[in-house]
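Keep in mind that this is a model prediction, so the values were computed, not measured.
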Amino acid sequence: MSDESVRNYRVLAVDHAEDMLTLYRDVLCFEGEEPVELEALFAERVTLPSREEVAAEAAKPGFEVVACLTGAQAMDRVRDSIERDARFAVALIEAHLEDGTGDMAGLAVAEQIRALDPAVEIVLLSSRAAVPLKEINKRIQPPEKLLYVQKPFRSPEIKQVATSLSSKWDAENRLHELNETLASKVEARTSELNAANRRLRLDIAKRAAVLRELQASEQRYRLLFEKDITGNFAADGDGLILDCNMAFAELFDFSSPNEAQGGDIFELWDAMGAPEPLLELVMRHSRLVNHEVVFNQGALRRTIIVNIDSVHNDLGELEELRGYLFDISEPKRLEEQLRQSQKMEALGTLAGGIAHDFNNILGVILGYAEIIQSSAEAESGLERRVGEITRAGKRARDLVNQILNFSRQGPQERHPMTLTPLVKEALKLLRSSVPANVEIISRIETDRDSVLADPTQIHQIMLNLCGNASQAMGEAGGTLTVTLAEVRENDPYLPPRELGRPERFVRLTVADTGPGVDPGVADRVFDPFFTTKRQGEGTGMGLAMVHGIVKRHDGHLEMENHPGEGVAFHVFLPKTSDVERPMAEAATDLVFREGRILFVDDEKPLTDIGREMLRSCGFEVVTRTSSVEALEMFKHKGHDFDLVITDQTMPNMTGLELAREILKIRPDMPIILCTGFSDAVSYDRLRDIGIGDFIMKPILKHDLIGSISRLLAEG
């Protein structure tokens, strides 16, 4: 483009009429100058233009008109202007250009020029009235750079159009150049800013990394502090709680940490029944590590592990406490339960071994006592003395049976049964032995009380628990309450989780209003031979036996103790859905008859007693103290015997093994098995083997003859 002070604009004129091209040149290049010159020549008075007018005239743009008769010529001029960077500001094009390419050839030329130079301002001119303006606007874009003028036009109009469009074109070019300059400056400035931003981002990244580490550290501390595993707290030197977590709040019976904040840790500590004030502990030890403390709040007992750091100033004054408390009550309870279980197991093993030997001794004593008593004169001193021996022996036998039940080695017959009838029957029997000043209340709160149990042993549980409760209330009397109910999830006392869901159990509770159990001995109530009763009132085996029976029934026994108010024992037994009432066997009359019996026991005194006892009833008896010798004799003379009586526990060959071998020889042989204890023997197993009956030692004459009579009668 030319110098800015001259501001000459190039105009492309395209028309097939040469006179129109001349008119464009005259109007744009010369019109406006000649009248002024003529006026200067012929006017009488010439008025010279002012400086402003001269400046205004000089500021008017000038035009350079390039005329073209054809579209091809016009396209060449446009290409040349672009190459020389002397672009046209305005293109005046006849719409109906006659160059042989069509009626609207000028429109096609305008399209091609616009394609080459998008910035040029195009003016379409036409002398025809019917001009398709809609098609023109559609083909030549954008519309703001296209103008249509109807011929004929006045000269000032075309000059004004050219002037306006040239000024617009010039302004757009200047704006484009300015934008390019601005873009260059912006790019340079942006580059500087980007460099500064990179440095700033590096600084921010370093600060962010430090901040993240700080936040992570704070989050780790906060998570550790707020975890519910331990009761975390911080307090000032006066004991004011500054911060704590939920576990701490719950430990001291607060509903939330906010409620606990502001409390006095020293007062809370004393209120929990701690044996020693916390202030004395922290003043004596600057740091408490794994210090075990027992909180006693009435019947509630908690064992706490305490870890506290105390901060003191230079004068030794307490400034701050920070620490955590860990409730280990449940692990302590499980540890005690395991210890109790291990102790019970060890004592059970020991008791079972003692009971076996003791039964053999009692067998000799009772056997000979019965023999002497049967031959003594009626109402004589001998009969009375032997009777006392027999009664003492039977009491000893009952005690041994309790030991066997405790040691899990007594025989048991478990089958489906309902507890309600048994509870009612036991209470009916107890009523006559319980003092009149003891009120018995029965609460049957469920009809789903079916369990798989041994009725005799469940009856023993009732008699022992109710008897203990009655004796505990003593002369003062009180209330004995027996409750049968289902177990629910929200009950205060539940069986251990490892035994199954609570709803699987039925609960039998025996409660009294006596003095309760002394907390100092509460942990020993289930120990064998431990008793708080006076001498001669109890053996100390009652609760131990109950504990053993409940364990054998896959249940759980729990004591709820309220010193001064009473005690309750909760027996949890697993339910079963299959219930059938066992038919009671009819008592068999004693039948004295002749027969040959093989009696086998490794204890010679017992074989001697058995021989005398059976011979007094008319039987012929052959005895052996070795099961191996007995089997060898039976192989040769098996058909000489009518019945075999054998001990279970013998060296080389047990009673069960001997019975199997005998039944191989004579499958119809009646056999009676005797034992002092055996956890491997049950009636069902004996029947499967083919053994006719089972007798627990010590053997009483009445029981033995009754069993023999039944088996021989069946034969």
When you look at R666 and F634, which way does the side-chain contact (heavy atoms from CB on, under 4.5 Å) test go after all the steps? CA-CA 10 Å; R666 279 191 59 183; F634 193 86; 4.1 Å; yes
Kindly determine whether I672 and I695 satisfy side-chain contact (heavy atoms from CB on, under 4.5 Å), including the steps that lead there. CA-CA 7 Å; I672 298 175; I695 296 179; 3.8 Å; yes
Between R611 and T623, does the side chain to side chain donor-acceptor pair (under 3.5 Å) criterion hold? Intermediate values first, please. CA-CA 7 Å; R611 182 189 299 110; T623 63; 2.6 Å; yes
Stepwise side chain to side chain donor-acceptor pair (under 3.5 Å) check, T420 with D449: CA-CA 7 Å; T420 300; D449 59 341; 2.3 Å; yes
side-chain contact (heavy atoms from CB on, under 4.5 Å) between I597 and I645, intermediate numbers included: CA-CA 7 Å; I597 296 176; I645 300 173; 4.0 Å; yes
Stepwise side-chain contact (heavy atoms from CB on, under 4.5 Å) check, V600 with M650: CA-CA 9 Å; V600 186; M650 294 183 293; 3.8 Å; yes
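H562 contributes atom NE2, which lies 3.5 Å from atom CD of E560 (distance to the nearest 0.5 angstrom). Distance check: E445 CD to L484 CG gives 8.5 Å after rounding to the nearest 0.5 Å. Interatomic distance, L573 CG to I458 CD1, rounded to the nearest 0.5 Å: 5.0 Å. A distance of 9.5 Å separates CZ of R448 from CD of E503, quoted to the nearest 0.5 Å. Between the NE2 atom in H570 and the CG atom in L557 there is a gap of 9.5 Å [rounded to 0.5 Å]. Separating the NE2 atom in H459 from the CG atom in N464 is a distance of 11.0 Å, to the nearest 0.5 Å.
T303 and S329 make their closest contact through N-OG, 3.0 Å (heavy atoms, listed as atom of the first residue, atom of the second, distance). L658 and T646 make their closest contact through CD2-OG1, 3.7 Å (heavy atoms, listed as atom of the first residue, atom of the second, distance). Residues I699 and C674 come closest through the heavy atom pair CD1-SG, 3.6 Å. Closest approach of I691 and L663 over heavy atoms only: N-CD1, 4.4 Å.
Considering only residues two or more places apart in sequence or on other chains, I372 meets the side chain to side chain contact (heavy atoms under 4.5 Å, CB included) condition with L382, V386. Applying the salt bridge (charged side-chain N to carboxylate O under 4.0 Å, His left out) rule to R497 yields the partners E489; only residues at least two apart in sequence or on another chain are considered.
Considering only heavy atoms from C-beta on, L631 comes within 4.5 Å of M653 through its side chain. Side-chain contact between F694 and T675 is present, with heavy atoms from C-beta onward closer than 4.5 Å. Looking at heavy atoms from C-beta onward, D602 lies in side-chain contact with D647 at the 4.5 angstrom threshold. In this structure, V571 and T509 have side chains that are not in contact, with every pair of non-hydrogen atoms separated by 4.5 Å or more. Counting heavy atoms from C-beta outward, R443 and T481 have side chains that approach closer than 4.5 Å. Within the 4.5 Å cutoff, side-chain heavy atoms of I705 are placed close to those of L614. Residues M417 and L452 fail the side-chain proximity criterion, which asks for heavy atoms closer than 4.5 Å. No side-chain heavy atom of P515 sits less than 4.5 Å from a side-chain heavy atom of P563.
E632 and K635 are joined by a salt bridge, as a carboxylate oxygen and a charged side-chain nitrogen come within less than 4.0 angstrom of each other. Salt-bridge formation is not detected for the pair R507/E486: no Lys NZ or Arg NE/NH1/NH2 atom is positioned less than 4.0 Å from an Asp or Glu carboxylate oxygen. Of the charged side-chain nitrogens involved, at least one lies within less than 4.0 Å of a carboxylate oxygen, so that K664 and E661 count as a salt-bridged pair. One finds no salt bridge joining D554 and R504 here, because no Lys/Arg side-chain nitrogen approaches an Asp/Glu carboxylate oxygen to under 4.0 Å.
Looking at T607, its side chain does come within 3.5 Å of a backbone N or O of K604 through a donor-acceptor pair. Between the S616 side chain and the M613 main chain, a donor and an acceptor come within less than 3.5 Å of each other.
No option in D491, L499, L494 other than L499 meets the side-chain contact (heavy atoms from CB on, under 4.5 Å) test with F505.
The 12-atom threshold is exceeded at CZ of R596, counting heavy atoms of other residues, nucleotides or ligands nearer than 6.0 Å.
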